[in-house]
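Note that this is a predicted model, so its numbers are computed, not measured. For this chain, numbers begin at 1 and follow the sequence in order.
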Amino acid sequence: MDKLRNYDISFSGLKIGKHEFRFEIDKEFFQLFDTEQEFTNPKIAVEVFLNKHTTFLEFEVKVDGTVELVCDITNEDFDHAIENQIDILVKFGEEYDDSEEDVITIPTSDHAFNVAHLIYENVALSIPMKKISPNISDEDLAILEKFSPKEIEEKEEEVDPRWEALKKLKDKN
């Protein structure tokens, strides 16, 4: 947990206005979180822009770099470019609350804001669901599509007329 403090941005001593912070992210950063990664060998530059106002803070977190993914089709490793941005508004209140999508409330007694989870989320959102190597051609994808299982269309079941007759009898009683 102490290593996450490296990603604290102390805003209490900063003047009102814009400020910039930079971080270099590698596998050690992701080891701070208790989750399995879908990627390896991250090399990511992070820029955090803080616009401090008297009653709230605006954060813009940009990530740019590469991670190594495993292709879902060939099982080969390939480099995937990571480029994403998250904008967050931080306001002050009684207690910590991140229930809103783009707004985080922190206690008024706080003097720093930790951006580690924002960086982590930013990178995680940049990982595609389907991991397809750029070395796979359109022809290869067409062949895979041709032989992939097709969705089976459900046919409407025809109701046996004998059941319909029984149902009518039941409804009469």
Side-chain angles (χ1 to χ4, degrees), residues 1-11 18-52 56-91 95-106 110 112-156:
M1 188 68 178
D2 290 333
K3 292 193 178 190
L4 284 177
R5 291 188 189 269
N6 294 337
Y7 304 95
D8 278 353
I9 294 183
S10 180
F11 53 81
K18 296 182 180 184
H19 306 275
E20 185 177 335
F21 304 88
R22 294 180 186 273
F23 303 97
E24 293 295 321
I25 303 299
D26 56 16
K27 65 181 177 181
E28 287 182 24
F29 172 79
F30 293 99
Q31 290 170 349
L32 297 173
F33 298 88
D34 292 332
T35 58
E36 282 191 32
Q37 305 306 319
E38 299 178 33
F39 56 85
T40 56
N41 204 17
K43 294 177 185 138
I44 301 168
V46 180
E47 291 178 295
V48 178
F49 299 98
L50 164 62
N51 193 358
K52 182 179 178 185
F56 64 95
L57 308 168
E58 288 179 278
F59 282 93
E60 183 179 303
V61 181
K62 292 183 177 183
V63 294
D64 189 16
T66 61
V67 295
E68 200 170 273
L69 300 177
V70 176
C71 179
D72 291 339
I73 297 169
T74 63
N75 239 11
E76 293 178 1
D77 293 346
F78 69 97
D79 285 339
H80 176 72
I82 296 289
E83 188 175 345
N84 202 11
Q85 175 181 327
I86 293 179
D87 297 323
I88 296 290
L89 182 74
V90 176
K91 62 182 187 177
E95 59 187 33
Y96 184 87
D97 179 17
D98 63 356
S99 60
E100 293 182 55
E101 187 175 330
D102 295 332
V103 179
I104 296 175
T105 302
I106 61 173
D110 282 5
F113 181 72
N114 190 289
V115 294
H117 287 284
L118 293 177
I119 294 169
Y120 179 85
E121 184 179 312
N122 211 344
V123 173
L125 290 172
S126 299
I127 305 298
M129 293 296 284
K130 278 188 172 181
K131 298 163 197 68
I132 300 175
S133 170
N135 300 332
I136 294 180
S137 68
D138 291 339
E139 294 168 9
D140 294 335
L141 289 175
I143 291 169
L144 282 171
E145 186 66 31
K146 180 179 176 183
F147 292 105
S148 67
K150 305 291 183 228
E151 289 186 31
I152 299 171
E153 294 180 22
E154 291 185 27
K155 297 179 183 176
E156 282 189 36

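- Counting all heavy atoms, side chain and backbone alike, Ala112 lies closest to Ser10 at CB-CA, 3.8 Å.
- Separation of atoms CZ (Phe33) and CG (Leu4) is listed at 5.5 Å; rounding is to 0.5 Å.
- Taking both residues in full, the closest heavy atoms of Ile44 and Thr66 are given as CG1-O, 4.0 Å, listed atom of the first, atom of the second, then distance.
- Contacts of Tyr7 classified as ring-ring contact (aromatic ring centres under 6.0 Å, His included), with partners at least two apart in sequence or in another chain: Phe23, Phe29.
- We find the CZ-NE2 distance between Phe59 and His19 to be 10.0 Å, quoted to the nearest 0.5 Å.
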Could you give the side-chain donor-acceptor pairs of residues 115-124 under 3.5 Å, partners two or more places apart or in another chain?
| residue | atom | partner | partner atom | Å |
| --- | --- | --- | --- | --- |
| Tyr120 | OH | Thr35 | OG1 | 2.5 |
| Asn122 | OD1 | Asn84 | ND2 | 3.0 |
| Asn122 | ND2 | Val61 | O | 2.8 |

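- Taking the six-membered ring where tryptophan is involved, the planes of Phe78 and His80 are perpendicular, since the angle between them exceeds 60° and thus also 30°.
- To the nearest 0.5 Å, atoms NZ (Lys43) and CG (Asp79) are separated by 7.0 Å.
- Atom CD1 of Ile132 is separated from atom CG of Leu69 by 11.5 Å, given to the nearest 0.5 angstrom.
- Note: Phe11 CZ to Leu50 CG = 9.0 Å, rounded to the nearest 0.5 Å.
- The number of heavy atoms from other shown groups lying within 6.0 Å of NZ (Lys131) is above 12.
- A pairwise comparison of heavy atoms in Ile88 and Glu101 identifies CD1-O, 4.1 Å as the closest pair.
- The nearest pair of heavy atoms linking Pro42 to Lys27 is CG-N, 3.6 Å.
- Taking each heavy atom of Ser133 and Cys71 in turn, the nearest pair found is N-SG, 3.4 Å.
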Take Val46 and Phe21, measure what side chain to side chain contact (heavy atoms under 4.5 Å, CB included) needs, and give me the verdict at the end. CA-CA 8 Å; Val46 180; Phe21 304 88; over 6 Å; no

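- Note that CD of Glu58 and CG of Asp102 are 11.5 Å apart. Values are rounded to the nearest 0.5 Å.
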Does the salt bridge (Lys or Arg N to Asp or Glu O under 4.0 Å) test come out yes or no for Glu20 and Lys18, once each step is laid out? CA-CA 7 Å; Glu20 185 177 335; Lys18 296 182 180 184; over 6 Å; no

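- Residues Lys52 and Leu57 approach most closely at CG-CD2, 3.7 Å, considering heavy atoms.
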